[in-house]
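Here the structure is a predicted model, which is why all the values come from computation and not from measurement. Ligands are counted one by one from 1 in listed order, and the atoms in each one are counted from 1 as well.
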Amino acid sequence: MLKLFKKERMWQRPELKRRYDLVIVGAGVHGLATAYYLGSQHGYRNIALVDKGYLGNGSSGRNTAIIRSNYRTPEGILCYDASVKLYENLSRELEWNLLFSQCGHLTLGHTDASVTGLRIRAENNQALGIDSRIIYPDEIRRLVPAMDLSSRPRFPVLAALYHPPGGIIRHDAVVWGLARACDRMGIGIHPHTTVTGMRVENGSVQSVVTNRGEIVTSAVLNATAGWASTIGKMAGVSMPIVSHPLQACVTEPLKPFLNKVIVSATLHVYVNQTDKGELVIGAEIDPYQSYSMRATLPTLEQMATYTLELFPQLHGLRVLRQWTGVCDMTPDYAPIIGTAQEVKNFFMDVGWGTYGFKAAPIAGKCTAALIATGKAPKLIEPFSPARFAAGQLVGEKAAAAVST
Ligand code: PYC
């Protein structure tokens with residue numbers, strides 16, 4: 001006999017209270033991960049996560065779901081490695097399948113200069129125990145038989161940085177799994193709640209003003225992506241961030257033909273095939289600053305042209321959807337995590353540029369420890385907001401998937 005099960009809601013719609021110990025602005029993967037670790041490791045419950053849209057409407061649902069730790073700087077490598085390790089155990093921990101596929105990640109080198117850059121990354125990665133090495137066309141052909149490796153004069157593939165633990169995860173599942181875990185601990189998730197201002201007195205935030213009323217709070221975390229500087233300004237906190245759109249698209253499904261993530265910083269494109277068979281393709285950030293989430297035809301043409309350089313057999317494949325997220329870029333392509341210098345109970349986990357999704361678990365865990373103990377864990381010390389005035393930048397631009 002057919003049994004009907006009552007569907008469980010993944011998270012409830014609790015009442016928005018008038019007072020919380022902490023208000024987290026931005027209920028994407030960073031805000032959710034911070035709330036999750038504050039609840040599971042530090043016993044916090046009286047937290048409100050507020051977001052102006054539905055859960056996953058921002059960068060958490062607009063990235064290309066790539067996970068990796070083959071960065072360039074020791075600070076970046078250690079941080080993203082810790083994040084990959086947390087992701088490896090997160091399905092089990094959340095009891096929710098995040099469909100994490102560590103299928104391997106290849107960054108292509110098309111010029112002598114780019115291969116030199118990849119070599120430096122391989123050396124830095126290996127020195128810190130990361131599985132990452134340079135491979136040449138024979139091995140690339142074995143790993144990615146569908147790629148055009150002919151010795152053509154335009155953009156030949158000379159070598160690649162191969163990173164076996166890299167891969168893709170189902171980004172919506174990460175949002176939903178974390179949200180369910182927060183909800184089960186009694187942490188309040190409040191979508192469609194727009195922050196419009198903050199009341200700051202004597203160097204500390206007293207309350208957060210929203211379209212659903214004013215919330216009195218002991219602390220605020222800015223965990224937004226795309227609007228970090230706007231939210232910062234409401235508390236009188238400035239940050240060296242500029243915001244750029246980043247576009248991506250997905251094609252109709254194909255039979256499995258690509259089981260590695262392929263990145264070309266020279267061609268400004270990255271491609272992976274999902275479990276459903278679709279190709280997810282991403283572009284470089286748009287060259288102008290904007291908050292626009294409109295996708296554009298010239299960028300679609302660029303993504304198609306560059307993908308065809310690598311996989312000419314895809315000619316004629318149809319694109320199903322194109323979308324845009326907004327990336328908050330810092331001068332050194334490294335995040336800003338810490339307590340604001342101007343406002344003592346205003347915390348920040350922002351400025352992740354094009355790397356935010358992959359860092360969410362470790363950023364959340366470390367930000368939770370900072371909020372709960374008042375002390376920044378070692379792993380995030382280099383990303384303190386004070387580094388700009390001190391001139392201690394963490395130059396991570398050379399490890400961007402698509403910025404040369
Ligand atoms: O750094 O892996 C990356 C990435 C992919 C898309 C944007 N950035």
Residue set satisfying ring-ring contact (aromatic ring centres under 6.0 Å, His included) with Tyr162, at least two apart, ordered chain then number -> none

query = Any ion pair linking Asp81 and Lys85 (charged N to carboxylate O, less than 4.0 Å)?
reply = yes

Contacts satisfying salt bridge (charged side-chain N to carboxylate O under 4.0 Å, His left out) that involve residues 167-183 (not counting sequence neighbours) are Glu8-Arg180, Arg170-Asp172

Residue pairs passing the salt bridge (charged side-chain N to carboxylate O under 4.0 Å, His left out) test with at least one member in residues 107-133, sequence neighbours excluded, are Arg133-Glu139

At a 4.0 angstrom heavy-atom cut-off, ligand 1 is contacted by Thr64, Ile66, Arg68, Tyr270, Thr354, Tyr355, Lys358, Ala401

inquiry  = Under a 3.5 Å threshold, yes or no: a donor from one side chain and an acceptor from the other, between Ser204 and Asn202?
reply    = no

Is it the case that the side chain of Tyr355 and the backbone of Ala400 share a donor-acceptor pair, with hydrogens and angles ignored and the cut-off at 3.5 Å? yes

